[in-house]
Amino acid sequence: MKQLPKTYDPEAVEEKIYDMWLKGGYFRGVIDPQKEPFTIVIPPPNVTAQLHIGHACDNTLQDILIRYKRMQGYAALWIPGTDHAGIATQIKVEEKLRNEGKTRHDLGREKFLEEVWAWKEKYGGQIINQLKKLGSSCDWDRERFTMDEGCSKAVREVFVRLYEKGLIYKGSRIVNWCPDCVTALSDIEVEHEEQRSHLWHIKYKVKDSQEYITVATTRPETMLGDTAVAVNPSDERYRHLVGKTLILPLVGREIPLIADEYVDPSFGTGCVKITPAHDPNDFEVGLRHKLPVIRVMDDNAVINEKGGKYQGMGRYEARKAIVNDLRELGQLDKEEGYAHNVGVCYRCGKNVEPVVSAQWFVRMKPLAEKAIAVVKEGDIVFVPERFSKIYINWMENIHDWCISRQLWWGHQIPAWYCDDCGHINVSRDTPEKCEKCGSIALTQDEDVLDTWFSSALWPFSTLGWPDKTPDMDYFYPTSVLVTAYDIIFFWVARMIFSGLEHTNQKPFSTVFIHGLVRDEQGRKMSKSLGNGVDPLDMVEKYGADALRLNLVSGISPGNDMRFIISRCESFRNFANKLWNAARFVLMNLEIDRNELPEKLETEDKWILSRLNSLVGEVTENLDKFELGIAAEKIYDFIWDSYCDWYIELTKTRLQGNEDDKKISAQKVLCYVLTETLKLLHPFMPFITEEIWQSLPHEGEALMVEQWPVYMQELSFPEEEADMESIMKAIKAVRALRAEKNVPPSKKSRLIIVTDKDSIFKHGEAFMMKLAFASEIDITETAPENLEEMAVTVTDDARIFIPMAQLVDIEKELLRIDKELKKSREDLSKVNAKLQNPGFVEKAPEHVVNGEREKAARLEALIENLTESRSQLEKIKS
RNA sequence: GGAGGCAUAGCUCAGCCGGUUAGAGCGCUUGCUUCACACGCAAGAGGUCAGGGAUUCGAGUUCCUUUGCCUCCACCA
């Protein structure tokens, strides 16, 4: 017999258990042709810093799925890894350098990258350690990094293939430029926020005329680059001026007044200044009208030499100066307050500047088509389903993807420019000479790729692609992708089209989307608010199991959740509850084999039947990704059915002196506990494993045990009902006693009047213990000296308690009347249903039968209540 | 301008395909050193399931609508 400490101590258990799992090699995904594969690739956390509570949630969900499937006999593989997170990490390291008074340019590219790699080693390691602390059962032998050799090879392969197919091109386009990060961004890396600003109305003089045209703009500084003013061709007000020349204020440049459908005549003055170099729409207009493109800002958003006297000013400094100058010239017609959406960089939060720039793009339309079809046809399923609409909508309106970044940290673009002929050599390996002119003077493109370019390949680059590997053959396509809804576009969408394009297969079958973890007030967790929660703190305080259960129970798929610390405490209490249940079982255990006894008592069948239903339901819930519901059901079963009832019920047998009943109780206790541990294991891996190891068992570890299956022969509806009868009686007695504050130490005789005497005969011992009886009489007729007794009633028994303390006829009458009223109301409702032909005809049989049974129960209860009532009345008079 | 979500106990939230008396945690009230557990046990209070309408034998659950929050997408100067 093994002794467990009185309180569960996660710290003493978790590391030991995790090491045991590691030593056993249970995390390894092993190719086994006899088994079905089940694969998950981790959404690689950024190596920017430590994990936050959102990661803990994401990884707990994955771990639950992978452990569940592993126990079901799948060849389960969970591939871990981290993401280099281009801009984010580079910003972090530059910040660190700034604190040391340095910039990346002081170090130079090579030295700087050394710094970043050192950073990566530090934080990447921390992240892996954190994942382990959470209990994640990843195959650590296969840990990957988006910039490791294999992933880099995949990146080059993809780049070259797409380039050769004409799906990657380099071109001058308007891109979102972050002057602070000094790089181009893709469209989705720009967030929009409303900013209060002004709408400035500026007068442009018509050449050789007294007339003026007024345009409105939110970015007056860009006027330095204006090359036209446009009006709608149908606009009567300006028709006579179309084709005329205007004088650009401050600059003096002559620009045409053009007509273009793009202009909305009803907005503002109906005239739009056209700055092709600094606005995406103007760029398009410029193309249509063959307008010159004059870029007036440099990469830091400082006005360049094209800006005349404003050269050297920052964009907002220039804005101020220009507005002032226009005002002085009398060419500022109006200045009005204006709130509008401004794009900001998703990494640094600074305003993004649309500028024309030569960048690399992925041509999206051809790739998107397949990616839309695969979801529309249900080949890839989103859970919850509603996210597929969001995905499809985005894919259908997709723009080309700007993939080049003016950073140093990342995959350098595999393109080499020939210094002699200018030809672009795109190649998997560093070319020795220009493929066009043979020159050896080649310079590689300085830029790196968008960090998401490599993440997009993650499901197959981690399995060895582009090489043909056994892993690729066996584990690909992966099974489920688990992630939050905020990176559906960044990541999920790009994995889908990349997988389809490069492997000709979908990268995964199911996308399981969860919400974001917010703080107790429902705010997003962020650095600036300082409301972030460190998962390791929670692990330390409450244990990993409690944290995990907090993160998955009481949540619904796809919806945000609040992280409430007090809930960690309740789940720690739950762990302790389970611990003590196990402690109780072990204290009473004299068997060394886990098996069911030959002869089962009613209460055994009751708990086994309940367990069996639980097995069926939990399995179904997990298959439908209803993890929260599954967790709650297991929680309720353990606390309510197993601890509060079954353990209490077995005490009479365990403490009795009938050996066979004692042993059979031990066997059922042990069996049910073991099966329950299996069900709970994916959710609370540490404590379940630790307890399981103490119980009689044959296998090596709980985590590789077989997942329980529903068995018809373990369903005992009759015994369940019988036990419920006894439980109801026990509850009724307890309620009566509690009302009068009778302590458990004060026992009393119980006289049970029932026609189900065999059931109650069996329940005698339970009533003794749990209803605090000193002796029990089971009869079919009510006792005599009623005035000395209190009575309580269930639907199949009247229970008399000869205890003066409880006798209070007036109060009893009141209580019985109240109950009678309620029961009669319920009964009439049920009868109304049953008398409704529509209900009886149309409702399914089990529902109708259920109502009939309910009616019968209520009738019995009413009869018992009425009987008791008339007796009380008799005593009263 | 589009699209989506949320509204259920004092608080935070579950509630799957419509079908017992709408649940949990925390909080609250009362009692209990009941030989696993006070991180516990027992009993209890507390709900017009946001308002209105429709479908149905039956609606917290489906549909429409109103109100109030929230999010995402979108090039209106």
Side-chain angles (χ1 to χ4, degrees), chain A residues 4 6-8 174 188 192 199 215-219 230 262-264 266-275 279-284 340-341 354 386-387 389-390 393-394 397 485-486 488-489 515-516 520 522 542 546 550 553-556 558-562 564 566-567 569-588 617 620-621 624 626 628-629 632 635-636 643-644 647-648 651 655 731 734-745 769-770 772 822 826 829-830 833 836-844 846-848 850-851 853-854 857:
Chain A
L4 299 178
K6 195 169 166 180
T7 306
Y8 174 59
I174 293 280
I188 50 175
H192 296 272
L199 193 56
V215 302
T217 180
T218 52
R219 294 193 296 150
Y262 153 69
V263 182
D264 173 3
S266 65
F267 186 89
T269 59
C271 307
V272 185
K273 63 192 267 311
I274 300 297
T275 323
D279 183 277
N281 296 310
D282 295 5
F283 185 78
E284 294 300 318
H340 65 139
N341 275 336
R386 66 171 187 271
F387 289 104
K389 266 183 265 169
I390 295 175
N393 182 50
W394 185 76
N397 296 293
Y485 59 73
D486 59 342
I488 291 177
F489 304 144
L516 308 176
E520 302 219 0
Y542 305 105
N550 187 7
S553 69
I555 61 159
S556 56
N559 288 344
D560 291 354
M561 66 168 295
R562 295 188 194 201
I564 293 169
S566 71
R567 276 167 51 93
E569 209 174 307
S570 359
F571 289 115
R572 178 209 54 188
N573 294 352
F574 171 64
N576 194 53
K577 184 74 183 175
L578 174 64
W579 183 254
N580 274 285
R583 205 159 73 95
F584 173 82
V585 172
L586 286 167
M587 283 166 66
N588 287 286
E617 288 174 32
E620 201 184 318
N621 288 137
K624 285 153 73 181
E626 295 163 353
I629 296 173
E632 276 171 48
Y635 179 102
D636 288 342
C643 291
D644 288 347
I647 282 184
E648 295 304 323
K651 281 181 180 172
Q655 284 150 21
K731 285 183 179 185
R734 280 175 180 169
L736 187 60
R737 293 170 56 105
E739 208 172 281
K740 294 288 190 317
N741 288 336
V742 182
S745 52
K769 184 160 178 59
L770 303 179
F772 318 106
K822 176 91 177 76
D826 287 351
K829 259 189 243 166
V830 175
K833 256 190 201 176
N836 180 341
F839 175 73
V840 183
E841 280 162 30
K842 292 181 190 172
H846 73 273
V847 175
V848 178
E851 291 297 311
E853 277 165 35
K854 190 171 148 196
R857 262 206 315 277

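Residue numbers start from 1 in every chain, and the chains themselves are labelled A, B, ... in the order their sequence lines are given, proteins ahead of strands. The figures that follow rest on heavy atoms only: side chains count, while hydrogens, waters and symmetry mates do not.
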Any side-chain N or O of A/K6 below 4.0 angstrom from OP1/OP2 of B/G40? no
Counter-base of B/C11, judged by Watson-Crick or G-U geometry with both distances under 3.5 Å: B/G25
What's the gap between B/C69 and B/U8 when it is taken at their P atoms, as a whole Å value? 15 Å
Of A/S566 and A/K769, whose closest RNA chain B nucleotide lies nearer the 5' terminus? A/S566
Watson-Crick/G-U partner (both atom distances under 3.5 Å) of B/G1: B/C73
Which heavy-atom pair separates A/V263 from A/V272 by the least distance, and what is that distance? CG1-CG2, 3.7 Å
With a 4.5 Å cut-off on side-chain heavy atoms, are A/F584 and A/K651 touching? yes
Annotated protein contacts, base or backbone, on nucleotides 69-77 of chain B with a non-hydrogen cut-off under 4.0 Å, one of B, S, - each: ----SBBBB
Taking only the P atom of each, what is the distance from B/G10 to B/G51 in whole angstrom? 14 Å
How would nucleotides 59-64 of chain B be written as a contact map, 5' to 3', with B for base contact, S for sugar-phosphate-only contact and - for no contact, using protein heavy atoms under 4.0 Å? ------
Any side-chain N or O of A/R734 under 4.0 Å from OP1/OP2 of B/A43? yes
Non-hydrogen atoms of A/T218 and A/L199 that approach each other most closely: CG2-CD1, 3.7 Å
So which heavy atom on A/E851 is nearest to which on A/F839, and how close? CG-CZ, 3.6 Å
Using the C1' atom as the point on both nucleotides, what is the distance between B/U62 and B/A9, in whole Å? 26 Å
Is the distance between the ring centroids of A/Y635 and A/F574 under 6.0 Å? yes
To the nearest 0.5 Å, atom CH2 of A/W579 lies from atom CG of A/L4 at 4.5 Å
Provide the Watson-Crick or G-U wobble partner of B/C41, both distances under 3.5 Å; none if there is no partner. B/G31
Same-atom distance (P) from B/U71 to B/C16, integer angstrom: 26 Å
Can you work out whether A/F574 or A/F772 has the more 5'-proximal nearest nucleotide on RNA chain B? A/F772
Distance check needed: B/C39 P versus A/R572 CZ, whole Å only. 8 Å
If you measure from the P atom in B/A24 to the same atom in B/C41, how many Å do you get, rounded? 14 Å
With a 3.5 Å cut-off and just heavy-atom distances, do the side chain of A/K577 and the base of B/C37 make a donor-acceptor pair? yes
How many Å lie between CD on A/E569 and C1' on B/C26, as a whole number? 9 Å
In the structure shown, which nucleotide is the Watson-Crick or G-U wobble counterpart of B/C63, with both distances under 3.5 Å? B/G53
Please state the P separation for the pair B/A22 and B/U48 - nearest whole angstrom. 13 Å
Atom pair CZ (A/R567) and CG (A/N573), whose distance is rounded to the nearest 0.5 Å: 13.0 Å
Heavy-atom pair of closest approach, residues A/P744 and A/F772: CB-CE2, 3.4 Å
Given the P atoms of B/U29 and B/G46, what is the spacing between them in whole Å? 15 Å
Can you tell me if the side-chain N/O atoms of A/N573 get under 4.0 Å from OP1 or OP2 in B/G40? yes
A/K822: partners by salt bridge (Lys or Arg N to Asp or Glu O under 4.0 Å), with sequence neighbours left out: A/D826
Distance between C1' atoms of B/C28 and B/G68 (Å, rounded): 29 Å
4.5 Å side-chain heavy-atom contact, A/D279 and A/R219: yes
Go through the N and O atoms of the side chain of A/E648 and the base of B/A42, and report whether any donor-acceptor pair is under 3.5 Å. no
Of all the heavy-atom pairs spanning A/Y8 and A/A575, show the shortest one and how long it is. CD2-CB, 4.1 Å
Can you see if the side chain of A/K651 gets near the phosphate of B/A36 - specifically, an N or O under 4.0 Å from OP1 or OP2? yes
